[in-house]
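Below is one structure; the comments refer to it alone.
The shown structure was predicted, so the numbers you read here are calculated from the model rather than taken from an experiment. This chain uses plain numbering: 1 for the first residue, then up along the sequence.
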Amino acid sequence: MKLERSYTSDHAVDASRTVHFACSTDRTEWPWLALGPHHPVVVQAQTFWASVGASNALGSMREGQWSALTWADWRCGADDVGEVVRGTYAREGEGKDEVFVVTLYDAQDREVVVMRGRGVVFRNRNFEQWRAEAKREAAQRAASEAPPAPSRWASREALGLGPGEHPLIAAPDEPRQDSYLALVTFENGLPPANPMLSGSGDHVNTVHMVETARQALCLLSGDPSPRITGGEMQLSRYVELGTPFTLDVTAHEEARTAFS
């Protein structure tokens, strides 16, 4: 997979096939760095760029191939860690149990976050053909099955949003409820309208999913800046840009969100 720019650099592959790399700290190029090292958006963005850069360094992605994340979990380091400056990428397990492991460190060599993930690889031309048909089918289903688009957005203050960020979920009838309505569009979820989020522009990406979950957590907890120590997600189908969807919420001792 070739990209026009890269968040990681100086890739070096050691004898164990672990990839070591440096990470950019340029907030002009990567505005989402301003959100903080444990923000779910930052974790997802860093892991995506780290995985792509490492795969290219290993030569494991051929020209014309793309990948899609299907499962991931992550845990955050101590609250007082600094911004990420370097990381490693390794693969563990075999066959269907194989996962990638991205570990990111600050300037004091403290672990900022560790993410494990699994995905699928496909050729771009097959992906585009399949997605074109899938989008047509999704549009037909959405016409009759999708929930209505939000009439009002949740307040920026309740969601802890800063400059350039936008609400992705509707204003709830009650602060704490069993489900929240979400909608990601080009206008609220992609640059230049929202420089904090990025994606393929083809569908709702993982970075959007974790941000809608974070926003729901803000409402569920009544805290615009909840402490997030990690997470897990299973991705089994595509959500289309511009199609409303719901987040079903189950509250435990630790608040959790699930998508439907």
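Between V239 and M209 the shortest side-chain heavy-atom distance falls below 4.5 Å. Side-chain contact between V204 and Y238: absent, with no pair of heavy atoms (C-beta onward) separated by less than 4.5 Å. Two residues are said to be in side-chain contact when any heavy atoms from C-beta on lie closer than 4.5 Å; C23 and V85 fail this criterion. Counting heavy atoms from C-beta on, the side chains of W74 and V210 come closer than 4.5 Å. The side-chain heavy atoms of L219 and Q177, taken from C-beta on, include no pair separated by under 4.5 Å.
When all heavy atoms are compared, the tightest approach of V43 to P37 is CG2-O, 4.0 Å. Between T8 and A50, the closest heavy-atom pair is CG2-CA, 3.9 Å. Here the shortest heavy-atom pairing between C76 and G230 reads SG-N, 4.1 Å. Closest heavy-atom contact between P226 and P224: CD-C, 3.5 Å. Across all non-hydrogen atoms, the minimal contact from S24 to L33 is O-CD1, 3.7 Å. Residues L159 and A154 approach most closely at CD1-CB, 3.8 Å, considering heavy atoms.
To the nearest 0.5 Å, atom CG of residue L104 and atom CD of residue E111 are 9.5 Å apart. For the atom pair SG of C218 and CG of L161, the computed distance is 7.5 Å after rounding to the nearest 0.5 Å. Rounded to the nearest 0.5 angstrom, T18 OG1 and E92 CD are separated by 8.5 Å. Note that the CG atom of L181 and the CG atom of L247 stand 8.5 Å from one another [nearest 0.5 Å]. In this structure, E211 CD and L197 CG are separated by 6.0 Å, a value rounded to the nearest 0.5 Å. To the nearest 0.5 angstrom, I228 atom CD1 is 5.5 Å from L217 atom CG.
The list of salt bridge (Lys or Arg N to Asp or Glu O under 4.0 Å) pairs with a residue in residues 34-43, not counting sequence neighbours, is empty. Residue pairs meeting the salt bridge (Lys or Arg N to Asp or Glu O under 4.0 Å) criterion with at least one partner in residues 15-32, sequence neighbours excluded, are R5-E29. Pairs passing the side-chain hydrogen bond (donor to acceptor under 3.5 Å, both in side chains) check and including a residue from residues 35-45, sequence neighbours excluded, read H39-R214. Pairs of residues two or more places apart, or lying in two chains, never qualify as side-chain hydrogen bond (donor to acceptor under 3.5 Å, both in side chains) while including a residue from residues 157-167. Evaluation of the side-chain hydrogen bond (donor to acceptor under 3.5 Å, both in side chains) test over residues 178-195, restricted to residues two or more places apart or in two chains, returns T185-E187, T185-N188.
Environment of CD in E94: sparse, with no more than 12 heavy atoms of neighbouring residues, nucleotides or ligands closer than 6.0 Å.
Here the side chain of N205 pairs a donor or acceptor atom with the backbone of S200 at under 3.5 angstrom.
Applying the side-chain contact (heavy atoms from CB on, under 4.5 Å) criterion to A54, with sequence neighbours excluded, gives V19, Y89. Taking the side-chain contact (heavy atoms from CB on, under 4.5 Å) definition, one finds that Q108 meets it with D106, R110, sequence neighbours left out. Checked against side chain to side chain donor-acceptor pair (under 3.5 Å), R156 has no partners two or more places apart in sequence or in another chain. Here R152 pairs with nothing under the salt bridge (Lys or Arg N to Asp or Glu O under 4.0 Å) rule; sequence neighbours left out.
Between R116 and the options D73, T47, T103, a side chain to side chain donor-acceptor pair (under 3.5 Å) holds for only D73.
In the hydrophobic clustering, where aliphatic and aromatic side chains (Ile, Leu, Val, Met, Phe, Trp, Tyr) are joined below 4.5 Å either directly or transitively, V114 groups with W71, V99, V101. Hydrophobic cluster of L183: the remaining members, joined at side-chain heavy-atom separations below 4.5 Å, are W153, listed by chain and number.
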Would you sort out whether V184 and F245 count as a side-chain contact (heavy atoms from CB on, under 4.5 Å), showing the intermediate values?
-> CA-CA 9 Å; V184 180; F245 60 98; 4.3 Å; yes
L190 vs H208, side-chain contact (heavy atoms from CB on, under 4.5 Å): CA-CA, chis, key distance, verdict = CA-CA 9 Å; L190 289 166; H208 301 116; 4.0 Å; yes
Can you give the donor-acceptor pairs under 3.5 Å from side chains of residues 77-84 to other protein atoms, not counting sequence neighbours?
{"unit_1": "D79", "atom_1": "OD1", "unit_2": "R227", "atom_2": "NE", "d": "3.0"}
{"unit_1": "D79", "atom_1": "OD1", "unit_2": "R227", "atom_2": "NH2", "d": "3.4"}
{"unit_1": "D79", "atom_1": "OD2", "unit_2": "R227", "atom_2": "NE", "d": "3.0"}

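Checked against the 6.0 Å centroid criterion, the rings of W49 and F21 do not qualify as a close aromatic pair.
Figure legend: cation-pi geometry between R86 and Y105, with NZ or CZ positioned under 6.0 Å from the six-membered ring centre and within 45° of its axis.
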